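Sequence lines set the chain letters: A, B, ... in the order given, protein chains first and strands last, and positions in each chain run from 1. In this text, all values refer to a predicted model and were calculated from it rather than measured experimentally.
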Amino acid sequence: MSDKQVVQSKAGMPKTYDPSEIEGRIFDTWYAGGYFSRDAGGYANPDLDPYTIVIPPPNVTGTLHMGHALNDTIQDTLIRKARMQGHPTRWIVGTDHAGIATQNKVEQKLAKEGKTRFDVGREGFIDECWKWRDEYGSTIIEQLKGMGCSCDYDNEQFTMADGYAKAIRRVFCDWYKSGLVYRGNRIINWCPRCTTALADDEVEHEDEAGHLWHIRYPLVEPVDGLEYIIVATTRPETMLGDTGVAVHPDDDRYKDLVGKMVVLPLVNKEIPVFADDYVDPSFGTGCVKVTPAHDPNDFEMGERHNLEKINIFTEDAHVNSNGGKYEGLERYEAREAVIADLEELGLLDHIEDHDHAVGHCYRCHSVIEPWLSDQWFVSMKPLAIPAIEAVRDGRVTFSPKRWENVYFQWMENIRDWCISRQLWWGHRIPVFYCDECGWMDALEEDVDTCPVCGAKVRQDEDVLDTWFSSQLWPFATFGWPDEGFEHREDFYPTQVLSTARDIIFLWVARMIMSSMHFCDGDVPFTDVIIHPTVLDKIGRRMSKSLGNGIDPLDLIKDYGADGMRFGLLLQVTGTQDMKFDEKKLEGSRNFATKIWNAARFVLGNLEGYVPGGPEALTDADKWILSRLAGLAKRLDEQKDGYDFAGSAHALYEFFWNELCDWYLEFSKGRLREEDTRLATQRNLIFVIDQALRMLHPMMPFITEEIWQKLPLQDKGPSIMVAQWPSFASLERFVDDEAERSVELVRQVIASVRSVRSRYQIGNKVGLEVMVKADEDACASLEAQRDLIAKMANVEHLTIAPSAEKPKASSAMITDDLEIFVVLEGLVDFEAERTRLSKERDKLLKEKEKLDRKLSNEGFLAKAAPEVIAKSREDLESAESSIARIENQISELG
RNA sequence: GGGCGAUUGGCGCAGCGGUAGCGCAGAUGCCUUACACGCAUAAGGUCGGGGGUUCAAAUCCCUCAUCGCCCACCA
């Protein structure tokens with residue numbers, strides 16, 4: 001309580017940073033300032049290259065999860081830095097209509113009211129979807145704002161928006177006319193619950209424990225006494241649609257059977273035995289039952305051998321009228337029934353356990369049914385070739401690089417893409433049919449009547465795969481195919497595409513293909529960042545069913561948006577997974593408070609301040625400025641590597657371990673002295689200003705809040721548009737000598753503290769200390785004796801090359817110094833001896849290693865000269881330390 | 001069946017060719033008037049096993065093991 005009063009009298013800042021009070025207010029000022037737009041409220045430099053990012057559009061079905069929080073933080077960090085560097089920036093934001101996902105949600109909602117989509121009809125259902133979108137779409141945008149994301153909110157995109165629909169139509173029609181889009185009757189992946197086709201990569205395969213049923217198919221006429229052959233299958237119910245049995249052409253066991261007929265049990269139909277290379281004689285019995293309508297391989301064989309294709313399932317996976325007495329049974333009921341009947345007939349030879357991969361719908365997890373139907377496809381190979389080339393030659397690079405191999409592997413084996421979906425929510429396929437004269441065409445504008453015969457036409461009932469629309473995101477969001485896209489050099493290609501690894505195929509690859517196709521071969525983005533997947537703290541995927549998901553907004557509430565962002569970025573190393581434990585954010589929240597308090601300290605010590613640039617009066621000043629330059633260098637250097645954890649660590653260390661732990665402490669005494677106060681104030685302000693700018697992209701809110709309070713000259717309206725501190729702008733401060741000098745000071749202070757701790761001497765007890773060192777070191781220390789006196793509470797400090805150890809004292813030996821702390825009546829000589837001996841033994845081991853190394857001829861002959869020199873130096877230093885320690889030990893008597 | 005990733009102090013992670021670092025937890029002492037979401041000090045690791053390359057390996061290569069991902073039409 002008294003704390004607060006002290007605080008108010010200082011800088012009007014509470015002593016713990018409270019983000020909830022600040023974040024919303026700051027976000028509003030950013031938005032009002034127009035900094036999220038391309039010209040950054042007038043602060044962008046139009047002469048610089050544009051920097052653009054398109055956000056991976058979240059599904060309107062849901063709210064943002066930890067993966068989004070991470071991904072969007074990464075993007076915001078990048079775009080904010082680019083903006084501060086002066087680039088015209090634009091971060092395109094928007095949502096994806098998410099065909100199946102949304103349709104499912106809305107169907108569930110209707111189900112709760114006891115209705116199906118058929119009750120409300122196609123139009124009514126689509127209306128419901130729009131309502132859903134209006135509700136959840138805004139939630140997502142609010143979440144993004146809560147995280148501090150600096151998106152171009154005034155230009156929000158949606159994959160079902162009118163303009164976007166134009167792009168879809170153009171693409172579809174263009175590809176249709178060039179033959180890349182075609183209609184075909186093929187085996188596709190059918191989800192019987194969603195009642196729609198799916199693309200191959202929308203199917204998730206999982207190994208499941210199953211069985212291999214061995215079934216006897218009687219021969220019409222016995223061959224050499226053989227009355228039946230045995231087929232092995234994992235799906236006995238599909239036998240209802242069998243139209244042949246295949247064996248390998250070179251399989252001697254069955255050679256004589258090729259061309260013969262067998263009787264398909266239960267169906268009592270004669271089907272042929274034929275030979276096909278596809279069959280693996282070593283698997284099962286070497287005889288394969290062939291169901292062309294329900295298995296992709298069987299389909300191919302059926303094509304090769306002109307077999308009939310009998311569909312035995314309805315769209316919801318029940319046996320249809322082709323299944324005879326089994327009609328109406330659900331597929332697994334049918335399996336039971338078929339097996340029971342075979343058993344009864346004595347045709348079930350035996351059953352083996354057999355694990356196999358079963359496909360599941362990526363949306364509802366139902367088991368996929370391979371199903372023969374008419375669908376629309378995109379021929380992918382021609383599109384893939386230039387897209388592979390673009391990554392191969394580095395026009396697009398992945399980070400981490402290893403994902404490029406994943407991309408290549410998929411792209412080089414790419415198969416045609418089934419793009420039609422039997423859904424209502426989505427872009428309806430723009431193909432029109434005339435049932436009168438048979439005319440059909442893909443059209444960019446709707447038509448009612450047939451241009452050939454004038455009869456009424458109908459539009460294709462199906463909609464397009466959601467990914468068909470999201471693949472156009474990098475150019476459709478900029479107005480393509482309209483006139484505005486002529487200014488595409490202002491934003492296309494974009495710079496960075498940051499996303500999760502699980503949509504490399506579904507989305508990233510397809511964006512590269514379609515964008516290059518429609519944008520004169522130009523890639524849609526140059527850098528792809530594949531960020532780690534956020535797992536729970538014990539390494540499981542976060543999911544609704546496990547209930548282990550975390551809402552970013554809850555984290556923001558507890559740790560602040562900055563705390564959450566920084567905590568996440570600290571974990572973005574090159575690995576593929578990130579085990580996330582909320583506790584990990586504590587350090588980042590504490591870091592925010594640390595910075596807050598550093599600012600509180602500086603702002604509370606501004607009496608007599610007159611604005612001005614940094615003044616490097618002392619080594620301590622030179623040191624912190626040099627370290628600041630070092631930080632800028634570190635951040636500059638990693639700009640291409642996307643080492644977010646590395647940058648975050650560098651910032652953390654600078655603020656906490658250099659600025660707060662040392663420079664702030666150094667400055668305490670100097671702020672009280674008339675002759676040093678102003679320079680110290682100016683240095684503090686300068687360093688904090690620059691460091692806050694460097695931290696801003698990662699922790700936007702707290703940096704803005706503090707920065708606004710800094711008494712800077714000619715500062716702009718927001719740190720968001722303040723100049724980014726490049727290394728070049730700070731290079732003049734690099735000062736190795738000052739860094740060495742302060743290092744000596746730190747050694748003395750740390751040594752004295754160590755002695756204090758060992759002898760349990762309170763900080764309030766002033767000590768007598770002597771430091772022995774060479775002339776140069778003594779000169780450095782002498783110039784900074786006030787700092788040592790203050791920070792180590794030394795009452796009498798002697799610094800001299802000839803300093804001698806007082807009898808009653810504890811000695812500390814460093815590489816450069818001998819430090820004696822006088823301890824009248826306190827010294828435990830035995831303990832001192834033990835400690836110094838341990839210290840010496842450690843050094844002896846080190847010396848031994850170095851000796852061995854330096855007497856190794858191979859090392860001397862082959863190692864780099866600087867490495868050898870370093871080893872020599874280390875040896876010298878170790879030897880010197882050993883000698884001095886031994887000297888101390890012998891003096892202890 | 002292929003491919004990728006992980007394996008470093010109790011826990012979570014850096015380091016990726018020159019004698020092991022960070023955060024958290026734990027220990028000890030401190031309300032040192034910016035901060036107890038803090039300060040100080042000390043302790044803690046033969047870098048999964050084995051082999052190889054090299055003057056030198058946590059770091060490169062091979063192999064094994066464990067865990068986890070992805071891709072694949074063997075019914």
Side-chain angles (χ1 to χ4, degrees), chain A residues 3 6-7 10-11 13 15-17 187 201 205 212 231-235 238 246 278-280 282-291 295-300 354 356-357 370 400 402-403 405-406 409-410 413 501-502 504-505 533 535 537 539-541 559 563 570-571 573-581 583-584 586-605 645-646 649 652-653 660-661 664-665 668 750 753-758 760-764 791 793 845-846 849-850 853 856-864 866-868 870-871 874:
Chain A
D3 282 341
V6 173
V7 169
K10 287 196 164 176
M13 296 165 76
K15 75 183 195 176
T16 302
Y17 171 63
I187 294 266
D201 49 358
H205 292 273
L212 206 49
V231 299
T233 180
T234 55
R235 300 203 53 196
T238 61
Y278 164 75
V279 179
D280 175 0
S282 65
F283 186 86
T285 59
C287 299
V288 184
K289 62 185 271 311
V290 180
T291 322
D295 182 283
N297 301 306
D298 292 6
F299 178 83
E300 305 261 310
H354 179 68
H356 61 141
R402 73 186 117 91
W403 294 109
N405 290 329
V406 176
Q409 198 207 335
W410 190 73
N413 297 294
R501 74 173 108 97
D502 47 351
I504 292 176
F505 309 140
T533 301
L535 306 176
K537 62 180 166 187
R540 300 172 304 179
R541 275 192 107 87
Y559 303 94
L570 270 172
Q571 295 173 72
T573 60
T575 72
Q576 65 177 25
D577 296 322
M578 167 193 300
K579 278 188 219 168
F580 182 79
D581 186 345
K583 282 202 174 71
K584 288 183 183 175
E586 278 177 14
S588 300
R589 182 249 273 140
N590 298 351
F591 179 49
T593 299
K594 188 75 182 174
I595 296 163
W596 183 254
N597 277 292
R600 247 181 97 215
F601 171 77
V602 174
L603 295 171
N605 280 287
H649 261 118
Y652 185 95
E653 267 171 39
C660 290
D661 286 353
L664 242 54
E665 295 300 330
K668 281 180 179 170
R753 285 172 174 171
S754 181
V755 172
R756 255 184 213 285
S757 175
R758 206 155 56 235
Q760 309 223 9
I761 300 165
N763 296 327
K764 295 198 176 95
M791 283 184 65
N793 194 10
K845 259 188 207 157
E846 202 178 308
K849 261 192 205 165
L850 288 163
K853 203 171 182 178
N856 180 333
E857 280 174 33
F859 176 71
L860 296 173
K862 294 183 180 173
E866 61 270 23
V867 172
I868 298 172
K870 171 80 165 46
S871 296
D874 290 348

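Qualifying side-chain contact (heavy atoms from CB on, under 4.5 Å) partners for A:H205, counting only residues two or more places apart in sequence or in other chains: A:V203, A:A357. For A:F859, the ring-ring contact (aromatic ring centres under 6.0 Å, His included) test picks out no residue, with sequence neighbours left out. With sequence neighbours excluded, the residues forming a ring-ring contact (aromatic ring centres under 6.0 Å, His included) with A:Y17 are A:W596, listed by chain and number. Scored by the side chain to side chain donor-acceptor pair (under 3.5 Å) test, A:N590 finds no partners at all (sequence neighbours excluded). With sequence neighbours excluded, no residue forms a ring-ring contact (aromatic ring centres under 6.0 Å, His included) with A:W403. For A:Y278, there are no ring-ring contact (aromatic ring centres under 6.0 Å, His included) partners, not counting sequence neighbours. Among residues two or more places apart in sequence or in another chain, the side-chain contact (heavy atoms from CB on, under 4.5 Å) test is passed with A:R541 by A:R501, A:D502, A:T533, A:L535. For A:V231, the side-chain contact (heavy atoms from CB on, under 4.5 Å) partners at least two apart in sequence or on another chain are A:I215, A:Y217, A:V245, A:C287, A:K289. Listed by chain and residue number, nothing satisfies the side-chain contact (heavy atoms from CB on, under 4.5 Å) test with A:A861 (two or more places apart in sequence, or in another chain).
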Fill in: RNA chain B base-pair string [pairs: Watson-Crick or G-U under 3.5 Å; |: paired with another strand]
((((((((.[[[[.)..(..]]]]..((((.......))))......[[[[[..)....]]]]])))))))....

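B:rG9 and B:rG3 are spaced 29 Å apart, taking the P atom of each and rounding to whole Å. As rounded to the nearest Å, B:rG2 and B:rG17 have P atoms that lie 31 Å from one another. Of the P atoms belonging to B:rG5 and B:rA14, the separation is 14 Å, rounded to the nearest Å. Using C1' as the reference atom, B:rA6 and B:rU53 are 24 Å apart when rounded to the nearest Å. If you take atom P in B:rG48 and the same atom in B:rA42, they sit 29 Å apart, rounded to whole Å.
As a whole-Å value, the separation of A:L535 CG from B:rA6 C1' is 12 Å.
Counting non-hydrogen atoms under 4.0 angstrom, A:E665 reaches a base of the nucleic acid. Among the heavy atoms of the strands, none lies under 4.0 Å from A:A861.
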Worksheet item: Can you list the steps and then say if A:E665 with A:K668 is a salt bridge (charged side-chain N to carboxylate O under 4.0 Å, His left out)?
Response: CA-CA 5 Å; A:E665 295 300 330; A:K668 281 180 179 170; 3.2 Å; yes

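For the OP1/OP2 pair of B:rG18 and a distance below 4.0 Å, the side-chain nitrogens and oxygens of A:K853 include no atom meeting the criterion.
Closest to the A:T575 side chain, of the nucleotides B:rC37, B:rA40, B:rA14, is B:rA14. When distances run from any side-chain atom of A:T593 to the nucleotides B:rC39, B:rA42, B:rC37, the shortest one goes to B:rC37. Side-chain atoms of A:H649 lie closest to B:rC22 of the nucleotides B:rC22, B:rU41, B:rG18. Among the nucleotides B:rC39, B:rA34, B:rG18, the one closest to the side chain of A:C660 is B:rA34.
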Within the sub-3.5 Å range, which N or O atoms of nucleotides 58-63 of chain B have a protein N or O partner, and how far apart are they?
none

Between the protein and nucleotides 69-75 of chain B, list every N/O to N/O distance that falls short of 3.5 Å.
from, atom 1, to, atom 2, distance (Å)
B:rC69, O2', A:R501, NH1, 3.1
B:rC71, O2', A:Q409, NE2, 3.2
B:rC73, OP1, A:R415, NH1, 3.3
B:rC73, O2', A:N297, ND2, 2.7
B:rC73, N1, A:N297, OD1, 3.1
B:rC73, O2, A:N297, OD1, 2.6
B:rC73, O2, A:N297, ND2, 3.4
B:rC74, O2, A:D280, OD2, 3.0
B:rC74, N3, A:D280, OD2, 2.5
B:rA75, OP2, A:H354, NE2, 3.4
B:rA75, N6, A:D280, O, 2.9
B:rA75, N6, A:F283, O, 2.5
B:rA75, N1, A:D280, N, 3.3

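Ring geometry for A:Y652 against A:H649 counts as perpendicular: the plane angle is over 60°, on a 0 to 90° scale with 30° as the lower cut.
A:K594 contributes a side-chain N or O that forms a donor-acceptor pair with the base of B:rC35 under 3.5 Å.
For A:S588 against A:L570, the heavy-atom pair with the smallest separation is OG-CD1, 3.9 Å.
In terms of position along RNA chain B, the nucleotide closest to A:R758 lies nearer the 5' end than the nucleotide closest to the other residue of the pair A:R758 and A:L860.
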